Amino acid sequence: MKLLMTASQIRGLPVVTVRGGEDIAEVRDVIYSAEAGRLVGMTLNQRGFLSGRRREVLPAEMIHAIGQHAVMVNDESELVAPEDAPENVAHPATERNVLGDDVLTEGGTSLGKVVDLVLLVGSNGEVVGYQIDKAIGGHGYIPLPAQLAVSGDALVVPDITEEFVRDDLVGLGAAVDEFRDRLGLT
Amino acid sequence: VGLLVTGPRRQRDNSVRIPEVGVVGWLIVVIVVLIVAVVAFVITRRRRRGGGVIATKGKR
């Protein structure tokens, strides 16, 4: 079973080096590309209650692991100046956000609206599902294929996604592999 | 050492006491100004520290 967390839970986590165990920054923005189906990076705050934004950003390929309590990087040199970072991390486009989009099955059933991303704990940013506000009320979680083209106003998912809507992250963790098996993706 | 005096007062000898701000009065003013400044600074800073989830989809 996979251990999962939402992208909102990553905000505010410390960024810690694997080599020295130093607490070097704090996660500010979590940047996700729906086309890639994974995180592309993070913007950072300096550590400390009154300290401000940190200039450097953290591209996903520099992340060692995203854990429940910290984001791990090898060392401080993995943080990249904005001019050296990928454009979608240094200057993320905020006007075309997946959050708030309707989730529709290919059969035309509305499952709800996307409210958050669900990530695999221990990975360097693999997004395996979305948290949704269900059309019938309450929160739910849906698994995603490894990649999903999203460009319109609605997120269109395979019909079998409806069978895999879960009420909590533990349930989704158990459902992701089975969902991908059914789609023939593993 | 007096507090903030409310207005001129005629004394028994018919002289008028000019209102003045005493040491304690100034101290209260300084403390209030400092508290307001610190609260404003902390609120501004915490807002700047905010962030979010930026989930971008492809171009049509």
Side-chain angles (χ1 to χ4, degrees), chain A residues 6-13 26-54 57 87-89 91-101 114-119 127 130-131 147-155, chain B:
Chain A
T6 62
S8 299
Q9 290 174 318
I10 297 172
R11 285 175 49 206
L13 283 185
E26 179 184 295
V27 177
R28 178 186 169 91
D29 295 304
V30 178
I31 307 163
Y32 166 72
S33 163
E35 281 179 318
R38 55 180 297 108
L39 295 194
V40 291
M42 298 172 183
T43 64
L44 306 167
N45 281 327
Q46 293 170 24
R47 290 298 282 158
F49 180 64
L50 293 176
S51 49
R53 186 170 187 160
R54 193 166 172 147
V57 295
E87 181 63 18
N88 55 0
V89 181
H91 306 286
T94 54
E95 70 277 5
R96 292 186 49 71
N97 207 322
V98 174
L99 304 186
D101 274 7
V114 180
V115 292
D116 209 339
L117 316 171
V118 179
L119 289 104
V127 173
Y130 287 151
Q131 183 182 10
Q147 287 190 322
L148 187 67
V150 189
S151 57
D153 295 323
L155 178 73
Chain B
V1 176
L3 281 171
L4 199 64
V5 178
T6 52
R9 288 181 185 172
R10 191 165 293 282
Q11 308 290 304
R12 278 184 190 160
D13 61 358
N14 249 1
S15 64
V16 174
R17 187 180 169 197
I18 305 299
E20 61 180 33
V21 179
V23 174
V24 177
W26 281 117
L27 211 57
I28 290 170
V29 171
V30 169
I31 289 169
V32 168
V33 168
L34 275 177
I35 290 171
V36 170
V38 168
V39 168
F41 178 75
V42 169
I43 288 172
T44 314
R45 181 66 76 166
R46 286 183 71 83
R47 278 193 184 164
R48 282 208 339 233
R49 286 177 74 76
V53 177
I54 302 170
T56 311
K57 53 192 166 189
K59 294 191 172 83
R60 289 186 224 222

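Treat the numbers as computed from the prediction; the structure is a model and nothing was measured. The chains referred to below are lettered A, B, ... by the order of the sequence lines, with proteins before strands, and numbering in each begins at 1.
Taken from CE in A:Met42 to CD1 in B:Ile54, the straight-line distance is 12.0 Å, to the nearest 0.5 Å.
Nearest approach of B:Ala55 to A:Leu117, heavy atoms of both residues: CB-CD2, 4.2 Å.
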Could you walk me through whether A:Asp29 and B:Val53 pass the side chain to side chain contact (heavy atoms under 4.5 Å, CB included) test, one step at a time? CA-CA 6 Å; A:Asp29 295 304; B:Val53 177; over 6 Å; no

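In this structure, the portion of A:Asp116 lying under 4.5 Å from any heavy atom of chain B is its side chain and not its backbone.
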